[in-house]
A.B. asks: 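Before I ask anything, here is the structure I am working with.
Only a predicted model underlies this, so the values are computations on that prediction, with no experimental measurement involved.
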Amino acid sequence: MTSSTAVIHPLWLRLTHWINVLATVLLVLSGWRIYNASPIFPFSFPDAITLGGWLGGALLWHFFAMYVLIANGLLYLVLNFLTGRFRRKFFPLSLKAIWADFRAALTLRLQHSDLSSYNALQKLAYLFMIVDLLLLVLSGLAIWKSVQFPLLRELMGGYDMARVVHFLAMSALLAVLAVHLMMVAWFPKTLLPMIRGR
């Protein structure tokens, strides 16, 4: 099989990736509308960039997207582990490699010639997003089902702190996604395999 025909990203990975993108966009936009109903910081988001129209509508969108994200995320993780892709793609990962790639990125020398493997910064970013999405789900449950999950609520520092954790985890995810999009713009050839597989 030649390099031009080799599949870099299997179909299941591409599908779960784009479903996660859609679910995340719905969650963020509806989440901003929910936040506006009871802000925890001295600002709110413009209505034009929120989803739902009102609190009830935003909650419906948020819960719908939450179920999609959880189901799709679990499928992504299960298939990654069953196929051995998780171990192959994300490990080994060392502080030395992260620092070397970080310095290369700062000096615009970061290379990405082999699309079938991730550099250390990509590995770190993807692993961070998995952990951060898990934190978002757990903190969201502590907010939504605060009475039903008292231990989870207390682990988050109480209801109000769970809202702060949820907001900060969302902000961290958006920051990593912004860097991710900048890297895709820097290396546009990485986008095609995520669309057509090769």
Side-chain angles (χ1 to χ4, degrees), residues 16-78 80 86 90 93 95 98 102 105-106 120-186 194:
T16 54
H17 172 272
W18 292 112
I19 291 171
N20 271 346
V21 169
L22 177 60
T24 300
V25 169
L26 294 177
L27 281 164
V28 169
L29 298 182
S30 60
W32 286 348
R33 173 67 71 164
I34 296 166
Y35 167 91
N36 283 351
S38 179
I40 52 179
F41 297 110
F43 66 86
S44 59
F45 296 95
D47 288 344
I49 61 169
T50 65
L51 178 66
W54 63 299
L55 178 58
L59 287 168
L60 288 175
W61 277 108
H62 209 67
F63 293 143
F64 165 74
M66 175 196 70
Y67 286 121
V68 171
L69 181 76
I70 291 172
N72 190 64
L74 287 174
L75 179 63
Y76 168 84
L77 288 175
V78 167
N80 261 288
F86 193 86
F90 299 120
L93 180 62
L95 289 175
I98 293 169
F102 180 71
L106 287 179
L121 291 181
Q122 284 178 296
K123 293 176 183 181
L124 179 65
Y126 297 149
L127 289 171
F128 173 83
M129 283 192 276
I130 291 170
V131 173
D132 193 57
L133 284 167
L134 178 60
L135 181 59
L136 276 164
V137 170
L138 292 176
S139 58
L141 281 175
I143 298 166
W144 177 38
K145 297 290 187 180
S146 185
V147 174
Q148 291 89 340
F149 296 105
L151 178 59
L152 182 57
R153 181 191 65 222
E154 294 310 310
L155 286 173
M156 293 288 166
Y159 177 82
D160 290 330
M161 188 53 67
R163 292 188 67 207
V164 173
V165 169
H166 198 65
F167 187 91
L168 293 179
M170 178 272 301
S171 301
L173 180 66
L174 290 181
V176 173
L177 288 175
V179 174
H180 180 62
L181 290 175
M182 285 190 292
M183 296 302 289
V184 170
W186 188 5
M194 193 51 76

A.B. asks: Between Y76 and F86 (judged by ring centroids, cut-off 6.0 Å), do the two rings come close enough to count as a pair?
C.D. replies: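 Not under 6.0 Å, so no.
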A.B. asks: Nearest heavy-atom pair of S44 and Y35: which atoms, and what distance?
C.D. replies: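 Minimum heavy-atom contact is CA-CE2, 4.0 Å.
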A.B. asks: Is the number of heavy atoms from other residues, nucleotides or ligands under 6.0 Å of F102 CZ greater than 12?
C.D. replies: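 Open: at most 12 neighbouring heavy atoms sit under 6.0 Å from CZ of F102.
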A.B. asks: Using the rule given for side-chain contact (heavy atoms from CB on, under 4.5 Å), can you reason through I98 versus K123, listing the C-alpha separation, both sets of side-chain angles and the distance that settles it, and then say yes or no?
C.D. replies: CA-CA 9 Å; I98 293 169; K123 293 176 183 181; over 6 Å; no
A.B. asks: To the nearest 0.5 Å, tell me how far L168 CG sits from F41 CZ.
C.D. replies: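 The CG atom of L168 sits 5.0 Å away from the CZ atom of F41.
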A.B. asks: Quick one: does M156's side chain get under 4.5 Å of V164's, heavy atoms only?
C.D. replies: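 Side chain of M156 against side chain of V164, heavy atoms only: no contact under 4.5 Å found.
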A.B. asks: Under a 4.5 Å cut-off applied to non-hydrogen side-chain atoms, are L134 and I130 in contact?
C.D. replies: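 Result no, sub-4.5 Å side-chain heavy-atom pair not found.
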A.B. asks: Determine the minimum heavy-atom distance between G52 and W61, stating which atoms define it.
C.D. replies: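 Closest approach of G52 to W61, heavy atoms only: CA-CD1, 3.9 Å.
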A.B. asks: Looking only at heavy atoms, what is the nearest atom pair of H62 and S30, with distance?
C.D. replies: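 The answer is ND1-OG, 2.8 Å.
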A.B. asks: If you look at every heavy atom in G140 and H166, which pair is closest and at what distance?
C.D. replies: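 Closest approach of G140 to H166, heavy atoms only: N-ND1, 3.4 Å.
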A.B. asks: Any side-chain heavy-atom pair from M170 and L136 closer than 4.5 angstrom?
C.D. replies: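 In contact.
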A.B. asks: How long is the gap from CD1 on I143 to CG on D160, to the nearest 0.5 Å?
C.D. replies: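 Separation between the atoms: 9.5 Å.
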A.B. asks: How many angstroms lie between OG1 in T24 and CG in L29, if you round to the nearest 0.5 Å?
C.D. replies: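 So the gap between those two atoms works out to 10.5 Å.
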A.B. asks: Is there side-chain contact between D132 and V176, with heavy atoms separated by less than 4.5 Å?
C.D. replies: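 Side chain of D132 against side chain of V176, heavy atoms only: no contact under 4.5 Å found.
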A.B. asks: Got a donor-acceptor contact below 3.5 angstrom from the W18 side chain to the M194 backbone?
C.D. replies: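 Such a contact is found between W18 side chain and M194 backbone.
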A.B. asks: Yes or no on side-chain contact (heavy atoms from CB on, under 4.5 Å) for V179 and M182, after CA distance, side-chain angles and deciding distance?
C.D. replies: CA-CA 5 Å; V179 174; M182 285 190 292; 4.0 Å; yes
A.B. asks: Return the CD1 to CG distance between I49 and L51, rounded to the nearest 0.5 Å.
C.D. replies: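 Atom-to-atom, I49:CD1 and L51:CG are 11.5 Å apart.
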A.B. asks: Would you say the side chain of L74 lies within less than 4.5 Å of the side chain of I70, judging by non-hydrogen atoms?
C.D. replies: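 A side-chain contact under 4.5 Å exists here.
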A.B. asks: Using 0.5 Å steps for rounding, measure from the CH2 atom of W54 to the CD1 atom of I34.
C.D. replies: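 Spacing of CH2 (W54) from CD1 (I34) equals 12.0 Å.
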A.B. asks: May I ask you to check whether over 12 heavy atoms, not counting those of F63, lie within 6.0 Å of atom CZ?
C.D. replies: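 Buried by this count: over 12 neighbours within 6.0 Å.
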A.B. asks: Find out whether L133 and V137 are in side-chain contact, i.e. whether some heavy atom of one side chain is under 4.5 Å from a heavy atom of the other.
C.D. replies: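 With C-beta onward as the side chain, the pair stays apart.
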A.B. asks: Which heavy atom of L55 sits nearest a heavy atom of A37, and at what distance?
C.D. replies: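 In this case the closest contact between L55 and A37 is CD1-CB, 3.9 Å.
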A.B. asks: Determine whether F45 and F43 make a side-chain contact, defined as any pair of heavy atoms from C-beta on separated by less than 4.5 Å.
C.D. replies: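 Sidechains of F43 and F45: in contact.
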A.B. asks: Could you grab the distance from atom CD of E154 to atom CE of M161, nearest 0.5 Å is fine?
C.D. replies: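 Going from CD on E154 over to CE on M161, the span is 12.0 Å.
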A.B. asks: If you compare all heavy atoms of L177 against all heavy atoms of M129, which two are closest, and at what distance to 0.1 Å?
C.D. replies: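 Where L177 meets M129 most closely, the heavy atoms are CD2-SD, 3.6 Å.
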A.B. asks: May I ask you to test the D47-N36 pair for a side-chain heavy-atom distance under 4.5 Å?
C.D. replies: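 Yes, at least one pair of side-chain atoms sits under 4.5 Å.
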A.B. asks: Under the 3.5 angstrom rule, does the side chain of R33 hit a backbone N or O of T50 as a donor-acceptor pair?
C.D. replies: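 The answer is no, because no donor-acceptor pair under 3.5 Å joins these two groups.
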